[in-house]
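Input: one structure, supplied below.
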2 protein chains.
Amino acid sequence: MITTENSDALAQRLADSGLRSTPQRGLVYEALLKTRDHPTADELYVRVKSDLPTISLATVYNCLETLVHCHLVRAVNFERGPTRYCPNLQPHAHFHDDDTGETHDIDLPASLLHQVNAVLPGGYHSSSIEIIFRGKSPHRRASATKA
Amino acid sequence: MITTENSDALAQRLADSGLRSTPQRGLVYEALLKTRDHPTADELYVRVKSDLPTISLATVYNCLETLVHCHLVRAVNFERGPTRYCPNLQPHAHFHDDDTGETHDIDLPASLLHQVNAVLPGGYHSSSIEIIFRGKSPHRRASATKA
DNA sequence: CTTGATGTTTAGAATGATTCTAATTCTGTA
DNA sequence: TACAGAATTAGAATCATTCTAAACATCAAG
């Protein structure tokens with residue numbers, strides 16, 4: 001599963017960001033490519049440890065951060081930090097402003113939800129759909145307000 | 001902002017679930033309705049404390065869990081638990097199987113992403129879109145596999 | 001109106017993922 | 001070879017959340 005292609009891609013992407021190619025980074029990436037599941041840092045740590053017993057959990061975290069930064073890997077965890085709550089029960093998406101950290105509600109027409117739901121292959125039944133945007137929102141004032 | 005309507009709705013929903021209406025639950029709900037932001041449990045704790053100084057953080061968590069359970073409040077935090085990583089760079093959504101805990105990739109046509117993006121009001125610019133489904137997926141085998 | 005049974009709240013301890021720190025090791029280049 | 005910056009490491013620290021056990025409140029039955 002680890003191919004010269006993948007190794008090269010990794011080395012190339014790292015170089016693009018001015019970063020070094022290291023065994024640890026290679027192994028973490030390799031371990032990730034080897035499976036179709038969505039492992040946690042801890043699970044990867046266990047898997048990589050058999051090849052490189054001296055690797056530390058912190059390094060696995062570091063490598064993952066690097067891989068995400070190089071756009072070779074996607075972090076499938078949506079919000080870092082504490083859970084937030086809202087009393088808005090209408091179907092809506094959330095927009096996270098990268099600059100201010102604010103979360104805004106975005107109304108979602110029912111028709112769009114149907115269309116999104118329609119991409120599910122047969123046999124899948126969703127009880128909820130969560131849509132999160134991330135980016136820049138229009139500022140009302142010069143200074144940022146909270147959350 | 002706290003109206004008889006809201007109080008009644010709360011009492012009603014609680015009753016529907018066989019739960020009691022308590023000052024703590026009322027205050028947490030009220031505090032949540034009072035603002036359009038998306039407060040954390042900790043922020044709500046601070047706000048509610050001025051009305052009921054003896055309330056504890058654990059109670060705020062409990063009340064929020066109750067409100068979510070009664071469908072009066074939505075928890076805007078997507079994944080509890082550790083971050084997961086995937087090397088699939090194609091645009092795709094994630095489907096969380098409620099039964100097995102597995103995460104499956106769902107392909108997303110570019111056209112759908114454009115449509116989703118189109119719901120953003122003017123001035124919003126998203127750099128990423130995350131779509132998470134939750135529900136039941138078709139089982140291949142009788143027993144569940146991991147993650 | 002007493003007595004349970006059960007539901008709630010509370011403070012503080014425990015958990016668990018992640019990040020930080022400071023020391024060590026490595027690598028590429030002068 | 002030797003230095004500077006990058007990377008790794010182990011372990012401590014952080015922080016949101018959950019757990020625990022005890023105290024409290026409330027309702028229904030006698």
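Keep in mind the model is a prediction, meaning the values are calculated, not measured. Residue numbers begin at 1 in each chain, while the letters A, B, ... track the order of the sequences.
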Closest contact, heavy atoms only, A/T66 versus A/L19: CG2-CD1, 3.7 Å

Whole angstrom value for the distance that separates C1' of C/dT8 from CG of B/L10: 15 Å

Separation between CD1 of A/I132 and CD of A/E130, rounded to the nearest 0.5 Å: 4.5 Å

Test item: side-chain donor near acceptor, A/H94 and A/H96, under 3.5 Å: no

Mutual orientation of the aromatic rings belonging to A/F95 and B/Y124 [parallel < 30°, tilted 30-60°, perpendicular > 60°]: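 A/F95 vs B/Y124 ring planes: perpendicular.
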
Shortest non-hydrogen contact from A/G123 toward B/P138: O-CD, 3.3 Å

Nucleic acid contacts - residues 44-72 of chain A versus DNA chain D, non-hydrogen atoms under 4.0 Å: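 Nucleic-acid contacts, sorted: A/T54, A/I55, A/S56, A/A58, A/T59, A/N62.
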
Distance test, side-chain N/O of A/Q24 to OP1/OP2 of C/dC26, below 4.0 Å: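 Answer is no, no contact under 4.0 Å.
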
Phosphate contact (C/dT9 OP1 or OP2) by B/T22 side-chain N/O below 4.0 Å: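 Answer yes for this pair, as a side-chain N or O of B/T22 is under 4.0 Å from OP1 or OP2.
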
Validation row: B/L72, B/L32 side chains within 4.5 angstrom (heavy atoms):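 B/L72 does not reach B/L32 side chain to side chain.
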
Pairing residues for B/R47 by the salt bridge (Lys or Arg N to Asp or Glu O under 4.0 Å) criterion, not counting sequence neighbours: B/D37

Closest non-hydrogen atom pair between B/A41 and B/V60, with its separation: O-CG1, 3.5 Å

Listing time: all N or O pairs from protein to nucleotides 3-6 of chain D that are below 3.5 Å?
residue, atom, partner, partner atom, Å
D/dG5, N2, A/R20, NH1, 3.3

